[in-house]
Amino acid sequence: LPGDCAGGDLDPYLELYDEAGATLVAENDDAVDLCAVLESPPLEAGTYLLRVTAATENTPTFPYVLEVVVE
């Protein structure tokens with residue numbers, strides 16, 4: 001929700017893996033306040049897995065909005 005990262009209520013961690021889930025392609029923890037923004041290197045066409053978790057054990061379960069932009 002808006003302001004949750006700035007308020008310290010939300011601290012997501014993003015990981016982007018190849019289709020097999022074996023190779024980490026990109027990751028991000030804190031880009032803006034505690035909000036994660038993941039920008040990957042150029043990728044070949046295919047299927048990728050995005051993992052969204054809490055960055056710390058102290059972060060409770062939280063609702064979030066995931067926006068994906070492919071250029």
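In what follows, residues are counted from 1 in the order of the sequence shown. Basis for what follows: all heavy atoms, side chains included, without hydrogens, waters or symmetry-related copies.
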**Report entry** Pairwise side-chain contact, L24 with L16, heavy-atom cut-off 4.5 Å (strictly under)
**Finding:** no
Query raised in the report: With a 4.5 Å limit on heavy-atom distance, are the side chains of T23 and Y17 in contact?
Result: no
Report summary line: Rounded to the nearest 0.5 angstrom, the CG-OG1 distance for D18 and T47 is 10.5 Å
Query raised in the report: Transitively linked via ILVMFWY side-chain contacts under 4.5 Å: V68 with L49?
Result: no
**Report entry** Separation between CG of L43 and OH of Y48, rounded to the nearest 0.5 Å
**Finding:** 4.5 Å
